[in-house]
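If you're wondering where the values come from, they're calculated on a predicted model, not measured in any experiment. Letters A, B, ... mirror the listed sequences (proteins, then strands); counts begin at 1.
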There are 2 protein chains.
Amino acid sequence: MSGREYLGEFEHIVILALLRLADRAYGVTVRQEIEARTGREVSIGAIYATLERLQAKGYVKSQFGDPTPERGGRSKRFFHVTAKGISAVNRTHRALRSMTAGLDLVRSYS
Amino acid sequence: MSGREYLGEFEHIVILALLRLADRAYGVTVRQEIEARTGREVSIGAIYATLERLQAKGYVKSQFGDPTPERGGRSKRFFHVTAKGISAVNRTHRALRSMTAGLDLVRSYS
DNA sequence: CCAATTTATTCTATATTGTATAGCTAATGT
DNA sequence: ACATTAGCTATACAATATAGAATAAATTGG
(Lines give C-alpha, C1' and ligand atoms only; values in the text may rest on other atoms or scores of the structure.)
Protein backbone atom coordinates (compact mmCIF):
# COMPACT_ATOMS: atom_id res chain seq x y z
CA MET A 1 0.00 0.00 0.00
CA SER A 2 1.79 3.14 1.23
CA GLY A 3 4.31 4.36 -1.33
CA ARG A 4 7.95 4.19 -0.48
CA GLU A 5 9.51 6.82 1.68
CA TYR A 6 12.63 7.41 -0.32
CA LEU A 7 13.14 8.16 -3.97
CA GLY A 8 14.43 5.33 -6.09
CA GLU A 9 17.83 5.87 -7.67
CA PHE A 10 16.51 6.91 -11.05
CA GLU A 11 13.51 8.76 -9.68
CA HIS A 12 15.98 10.82 -7.74
CA ILE A 13 18.00 11.71 -10.83
CA VAL A 14 14.88 12.58 -12.78
CA ILE A 15 13.41 14.80 -10.13
CA LEU A 16 16.71 16.65 -9.81
CA ALA A 17 16.64 17.24 -13.55
CA LEU A 18 13.21 18.81 -13.19
CA LEU A 19 14.46 21.13 -10.49
CA ARG A 20 17.33 22.23 -12.69
CA LEU A 21 15.25 22.74 -15.78
CA ALA A 22 12.55 24.65 -13.94
CA ASP A 23 9.91 25.81 -16.40
CA ARG A 24 11.41 24.18 -19.46
CA ALA A 25 11.26 20.60 -18.20
CA TYR A 26 9.60 18.08 -20.47
CA GLY A 27 10.49 14.60 -21.65
CA VAL A 28 13.15 15.52 -24.15
CA THR A 29 14.94 18.15 -22.08
CA VAL A 30 14.91 15.94 -19.02
CA ARG A 31 16.62 13.27 -20.99
CA GLN A 32 19.18 15.71 -22.37
CA GLU A 33 19.92 17.20 -19.00
CA ILE A 34 20.65 13.80 -17.52
CA GLU A 35 22.82 12.74 -20.40
CA ALA A 36 24.70 16.02 -20.50
CA ARG A 37 25.38 16.10 -16.77
CA THR A 38 26.08 12.49 -16.01
CA GLY A 39 26.96 10.93 -19.34
CA ARG A 40 24.34 8.34 -18.60
CA GLU A 41 22.31 7.18 -21.57
CA VAL A 42 18.64 6.63 -20.94
CA SER A 43 15.80 5.77 -23.23
CA ILE A 44 13.00 8.23 -23.54
CA GLY A 45 10.57 5.55 -22.45
CA ALA A 46 12.42 5.20 -19.16
CA ILE A 47 12.06 8.93 -18.57
CA TYR A 48 8.33 9.00 -19.16
CA ALA A 49 7.62 5.88 -17.17
CA THR A 50 9.44 7.40 -14.24
CA LEU A 51 7.76 10.78 -14.58
CA GLU A 52 4.44 9.00 -14.69
CA ARG A 53 5.18 7.19 -11.45
CA LEU A 54 6.42 10.33 -9.76
CA GLN A 55 3.20 12.00 -10.74
CA ALA A 56 1.12 9.13 -9.42
CA LYS A 57 2.81 9.68 -6.07
CA GLY A 58 2.12 13.38 -6.16
CA TYR A 59 5.80 14.33 -6.36
CA VAL A 60 5.42 16.09 -9.68
CA LYS A 61 2.62 17.58 -11.73
CA SER A 62 2.33 18.29 -15.42
CA GLN A 63 0.40 20.30 -17.94
CA PHE A 64 0.50 20.54 -21.68
CA GLY A 65 1.91 23.68 -23.24
CA ASP A 66 0.99 25.22 -26.56
CA PRO A 67 2.31 23.67 -29.75
CA THR A 68 5.41 25.47 -30.96
CA PRO A 69 5.63 26.64 -34.56
CA GLU A 70 8.24 24.18 -35.77
CA ARG A 71 8.02 21.15 -37.87
CA GLY A 72 6.65 18.40 -35.68
CA GLY A 73 6.33 20.89 -32.84
CA ARG A 74 3.44 19.29 -31.09
CA SER A 75 2.59 20.44 -27.59
CA LYS A 76 4.93 19.47 -24.82
CA ARG A 77 3.99 18.09 -21.47
CA PHE A 78 5.81 20.22 -18.90
CA PHE A 79 6.58 18.82 -15.49
CA HIS A 80 7.29 20.52 -12.21
CA VAL A 81 8.11 19.29 -8.74
CA THR A 82 5.48 19.71 -6.04
CA ALA A 83 6.10 20.62 -2.40
CA LYS A 84 5.60 16.98 -1.60
CA GLY A 85 8.22 16.15 -4.17
CA ILE A 86 10.67 18.58 -2.60
CA SER A 87 10.12 16.91 0.74
CA ALA A 88 10.87 13.55 -0.77
CA VAL A 89 14.11 14.86 -2.26
CA ASN A 90 15.11 16.28 1.09
CA ARG A 91 14.24 13.15 2.97
CA THR A 92 16.36 11.19 0.56
CA HIS A 93 19.24 13.64 0.84
CA ARG A 94 19.10 13.67 4.60
CA ALA A 95 19.35 9.92 4.76
CA LEU A 96 22.28 9.88 2.39
CA ARG A 97 24.02 12.67 4.21
CA SER A 98 23.64 11.01 7.57
CA MET A 99 25.08 7.84 6.16
CA THR A 100 28.06 9.53 4.52
CA ALA A 101 28.86 12.04 7.25
CA GLY A 102 32.43 11.60 8.36
CA LEU A 103 33.23 8.95 5.79
CA ASP A 104 36.36 10.37 4.20
CA LEU A 105 37.07 7.19 2.29
CA VAL A 106 34.31 8.09 -0.04
CA ARG A 107 35.28 11.64 -0.87
CA SER A 108 38.90 10.75 -1.36
CA TYR A 109 38.02 8.23 -4.01
CA SER A 110 35.74 10.58 -5.86
CA MET B 1 21.95 -8.91 -18.45
CA SER B 2 24.97 -6.67 -17.64
CA GLY B 3 24.67 -5.38 -14.11
CA ARG B 4 23.50 -1.88 -13.59
CA GLU B 5 25.90 0.98 -13.41
CA TYR B 6 24.55 2.75 -10.41
CA LEU B 7 23.70 1.55 -6.95
CA GLY B 8 20.03 1.22 -6.19
CA GLU B 9 18.72 3.47 -3.44
CA PHE B 10 18.82 0.85 -0.72
CA GLU B 11 21.97 -0.80 -1.99
CA HIS B 12 23.59 2.58 -1.62
CA ILE B 13 22.50 2.95 1.98
CA VAL B 14 23.61 -0.56 2.83
CA ILE B 15 27.04 -0.24 1.30
CA LEU B 16 27.57 3.03 3.15
CA ALA B 17 26.70 1.24 6.36
CA LEU B 18 29.38 -1.34 5.61
CA LEU B 19 31.95 1.38 5.08
CA ARG B 20 31.06 2.94 8.41
CA LEU B 21 31.07 -0.27 10.34
CA ALA B 22 34.34 -1.45 8.85
CA ASP B 23 35.34 -4.76 10.40
CA ARG B 24 32.28 -5.19 12.55
CA ALA B 25 29.73 -5.20 9.75
CA TYR B 26 27.29 -8.09 9.67
CA GLY B 27 23.55 -8.38 9.19
CA VAL B 28 22.47 -7.17 12.59
CA THR B 29 24.89 -4.26 12.93
CA VAL B 30 24.14 -3.09 9.40
CA ARG B 31 20.51 -2.94 10.27
CA GLN B 32 21.20 -1.09 13.51
CA GLU B 33 23.48 1.42 11.84
CA ILE B 34 20.86 2.28 9.26
CA GLU B 35 18.11 2.60 11.83
CA ALA B 36 20.25 4.62 14.20
CA ARG B 37 21.47 7.05 11.56
CA THR B 38 18.39 7.51 9.43
CA GLY B 39 15.51 6.43 11.62
CA ARG B 40 14.46 4.16 8.81
CA GLU B 41 13.06 0.81 9.82
CA VAL B 42 14.11 -2.11 7.69
CA SER B 43 13.46 -5.79 8.02
CA ILE B 44 16.44 -8.02 8.48
CA GLY B 45 15.40 -9.96 5.41
CA ALA B 46 15.73 -6.83 3.31
CA ILE B 47 19.26 -6.32 4.57
CA TYR B 48 20.41 -9.81 3.72
CA ALA B 49 18.75 -9.89 0.33
CA THR B 50 20.53 -6.69 -0.55
CA LEU B 51 23.89 -7.84 0.77
CA GLU B 52 23.48 -10.99 -1.26
CA ARG B 53 22.86 -9.02 -4.42
CA LEU B 54 25.78 -6.70 -3.75
CA GLN B 55 27.97 -9.71 -3.32
CA ALA B 56 26.74 -11.28 -6.55
CA LYS B 57 27.89 -8.13 -8.31
CA GLY B 58 31.26 -8.25 -6.65
CA TYR B 59 30.69 -5.05 -4.69
CA VAL B 60 31.09 -6.73 -1.32
CA LYS B 61 32.60 -9.92 0.00
CA SER B 62 31.93 -11.86 3.16
CA GLN B 63 33.39 -14.47 5.45
CA PHE B 64 32.13 -16.17 8.55
CA GLY B 65 33.73 -15.29 11.85
CA ASP B 66 34.08 -17.51 14.88
CA PRO B 67 31.08 -18.06 17.09
CA THR B 68 31.14 -15.73 20.05
CA PRO B 69 30.71 -17.04 23.59
CA GLU B 70 27.27 -15.65 24.28
CA ARG B 71 23.94 -17.24 24.38
CA GLY B 72 22.82 -17.79 20.82
CA GLY B 73 26.09 -16.41 19.57
CA ARG B 74 26.31 -18.33 16.35
CA SER B 75 28.95 -17.26 13.89
CA LYS B 76 28.44 -14.00 12.08
CA ARG B 77 28.90 -13.39 8.42
CA PHE B 78 31.06 -10.30 8.13
CA PHE B 79 30.87 -8.17 5.03
CA HIS B 80 33.31 -5.72 3.54
CA VAL B 81 33.26 -3.50 0.47
CA THR B 82 35.54 -4.38 -2.41
CA ALA B 83 37.46 -1.94 -4.62
CA LYS B 84 34.82 -2.52 -7.24
CA GLY B 85 32.21 -1.62 -4.64
CA ILE B 86 34.03 1.60 -3.82
CA SER B 87 34.01 2.50 -7.49
CA ALA B 88 30.30 1.92 -7.66
CA VAL B 89 29.74 4.18 -4.67
CA ASN B 90 31.82 6.89 -6.27
CA ARG B 91 30.14 6.60 -9.62
CA THR B 92 26.82 6.95 -7.89
CA HIS B 93 27.98 9.93 -5.87
CA ARG B 94 29.45 11.66 -8.88
CA ALA B 95 26.17 11.38 -10.76
CA LEU B 96 24.22 12.73 -7.82
CA ARG B 97 26.68 15.53 -7.27
CA SER B 98 26.59 16.61 -10.87
CA MET B 99 22.82 16.69 -10.77
CA THR B 100 22.63 18.68 -7.53
CA ALA B 101 25.51 21.08 -8.18
CA GLY B 102 24.29 24.64 -7.94
CA LEU B 103 20.79 23.66 -6.90
CA ASP B 104 20.34 25.77 -3.78
CA LEU B 105 16.66 25.01 -3.55
CA VAL B 106 17.54 21.64 -2.27
CA ARG B 107 19.94 22.58 0.47
CA SER B 108 17.69 25.32 1.72
CA TYR B 109 14.88 22.87 2.26
CA SER B 110 17.04 20.37 4.06
C1' DC C 1 21.80 -34.78 26.95
C1' DC C 2 17.35 -32.58 25.96
C1' DA C 3 14.41 -28.63 25.78
C1' DA C 4 14.12 -23.81 25.85
C1' DT C 5 16.03 -19.59 24.52
C1' DT C 6 18.74 -16.50 21.85
C1' DT C 7 21.41 -14.60 17.87
C1' DA C 8 21.97 -14.93 13.28
C1' DT C 9 21.23 -16.37 8.61
C1' DT C 10 18.52 -18.27 4.65
C1' DC C 11 14.29 -18.99 1.89
C1' DT C 12 10.49 -17.51 -0.40
C1' DA C 13 7.08 -14.56 -2.12
C1' DT C 14 5.40 -10.18 -3.79
C1' DA C 15 5.32 -5.19 -4.79
C1' DT C 16 7.81 -1.46 -6.76
C1' DT C 17 11.39 0.44 -9.87
C1' DG C 18 14.30 0.56 -13.82
C1' DT C 19 14.65 0.16 -18.71
C1' DA C 20 13.99 -0.55 -23.64
C1' DT C 21 11.22 -0.88 -27.84
C1' DA C 22 7.53 -0.16 -30.60
C1' DG C 23 3.63 2.41 -31.73
C1' DC C 24 0.67 6.39 -31.77
C1' DT C 25 -0.38 11.65 -32.28
C1' DA C 26 -0.21 16.11 -33.66
C1' DA C 27 2.44 19.53 -35.95
C1' DT C 28 4.64 21.49 -40.41
C1' DG C 29 6.20 21.52 -45.22
C1' DT C 30 5.67 20.37 -50.14
C1' DA D 1 -2.76 14.32 -49.28
C1' DC D 2 1.43 12.48 -47.69
C1' DA D 3 6.03 12.58 -45.91
C1' DT D 4 8.61 14.12 -42.08
C1' DT D 5 9.42 15.47 -37.48
C1' DA D 6 8.88 16.13 -32.32
C1' DG D 7 6.85 14.36 -28.62
C1' DC D 8 4.09 11.25 -25.96
C1' DT D 9 1.95 6.45 -24.64
C1' DA D 10 1.66 1.52 -24.17
C1' DT D 11 3.64 -2.59 -23.04
C1' DA D 12 6.68 -5.92 -21.46
C1' DC D 13 10.25 -7.65 -18.75
C1' DA D 14 14.34 -7.48 -15.67
C1' DA D 15 16.15 -5.87 -11.38
C1' DT D 16 15.41 -4.00 -6.75
C1' DA D 17 13.08 -3.42 -2.44
C1' DT D 18 10.86 -5.48 1.35
C1' DA D 19 8.60 -8.48 4.67
C1' DG D 20 7.83 -12.73 7.08
C1' DA D 21 8.51 -17.43 7.99
C1' DA D 22 11.71 -21.04 8.34
C1' DT D 23 16.11 -22.81 9.61
C1' DA D 24 20.59 -23.10 12.07
C1' DA D 25 23.91 -22.85 15.58
C1' DA D 26 25.03 -21.40 20.10
C1' DT D 27 24.21 -21.33 25.36
C1' DT D 28 21.90 -22.43 29.68
C1' DG D 29 19.27 -24.97 33.00
C1' DG D 30 17.59 -29.05 34.60
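In terms of phosphate contacts, Arg4(A) brings a side-chain nitrogen or oxygen within less than 4.0 Å of OP1 or OP2 of dT18(D). For the OP1/OP2 pair of dT18(D) and a distance below 4.0 Å, the side-chain nitrogens and oxygens of Arg31(B) include no atom meeting the criterion. Considering only side-chain N and O atoms, Arg77(A) lies nowhere under 4.0 angstrom from the phosphate OP1 or OP2 of dT25(C). The phosphate of dT25(C) has neither OP1 nor OP2 within less than 4.0 Å of any side-chain N or O from Lys76(A).
Of the residues near DNA chain D, Phe78(A) and Arg71(A), the one whose nearest nucleotide (by heavy atom distance) lies more toward the 5' end is Arg71(A). Residue-to-nucleotide proximity on DNA chain C shows that, of Arg40(A) and Ser75(A), the 5′-proximal contact is made by Arg40(A). Between Val42(A) and Gly73(A), it is Val42(A) whose nearest contact on DNA chain C lies nearer the 5' terminus.
Taking the six-membered ring where tryptophan is involved, the planes of His12(B) and His93(B) are tilted, since the angle between them lies from 30° to 60°.
Whole-Å rounding puts the Lys57(A) NZ to dT16(C) C1' distance at 8 Å. For the pair Ile44(B) CD1 and dC11(C) P, the interatomic distance rounds to 15 Å; values are reported in whole Å. Atom P of nucleotide dT5(C) and atom CD of Glu70(B) are separated by 19 Å, given to the nearest angstrom. For the pair Leu7(A) CG and dA17(D) P, the interatomic distance rounds to 13 Å; values are reported in whole Å. We find that CG of Leu51(B) is positioned 13 Å from C1' of dA17(D), with the value rounded to whole Å. Atom CD of Glu52(A) is separated from atom P of dG18(C) by 15 Å (rounded to the nearest Å). Going from atom CZ of Phe10(A) over to atom C1' of dT16(D) covers 15 Å, rounded to whole Å. Atom P of nucleotide dA14(D) and atom OH of Tyr6(B) are separated by 23 Å, given to the nearest angstrom.
Phe64(A) comes within contact range of the sugar-phosphate backbone alone, with a heavy-atom separation under 4.0 Å but no base atom that close. Gly45(A) comes within 4.0 angstrom of a base, heavy atoms only. Within the 4.0 angstrom heavy-atom criterion, only backbone atoms of the sugar-phosphate kind lie near Glu9(A); the bases stay farther away.
In summary, of the residues considered (Lys76(B), Glu52(B), Gln55(B)), a side chain to side chain donor-acceptor pair (under 3.5 Å) with Ser62(B) occurs for Gln55(B) alone.
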Arg37(B) vs Ser98(A), side chain to side chain donor-acceptor pair (under 3.5 Å): CA-CA, chis, key distance, verdict: CA-CA 6 Å; Arg37(B) 292 239 147 221; Ser98(A) 65; 5.8 Å; no
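Between Glu11(B) and Arg53(B) there is a salt bridge, since a side-chain N of the basic residue sits under 4.0 Å from a carboxylate O of the acidic one. Salt bridge annotation for Arg24(B)-Glu33(B): absent, with no cationic side-chain nitrogen under 4.0 angstrom from a carboxylate oxygen.
Side-chain N or O atoms of Thr82(A) include one that pairs as donor or acceptor with a backbone N or O of Tyr59(A) at under 3.5 Å.
When the nucleotides dT18(D), dA8(C), dG18(C) are ranked by their closest atom to the side chain of Val28(B), dA8(C) comes out on top.
Judged by atom type and distance alone, Arg74(A) does not reach the base of dA27(C) through any side-chain donor-acceptor pair under 3.5 Å. Checked by distance alone, Arg53(A) brings a side-chain donor or acceptor within 3.5 Å of a matching partner on the base of dG18(C).
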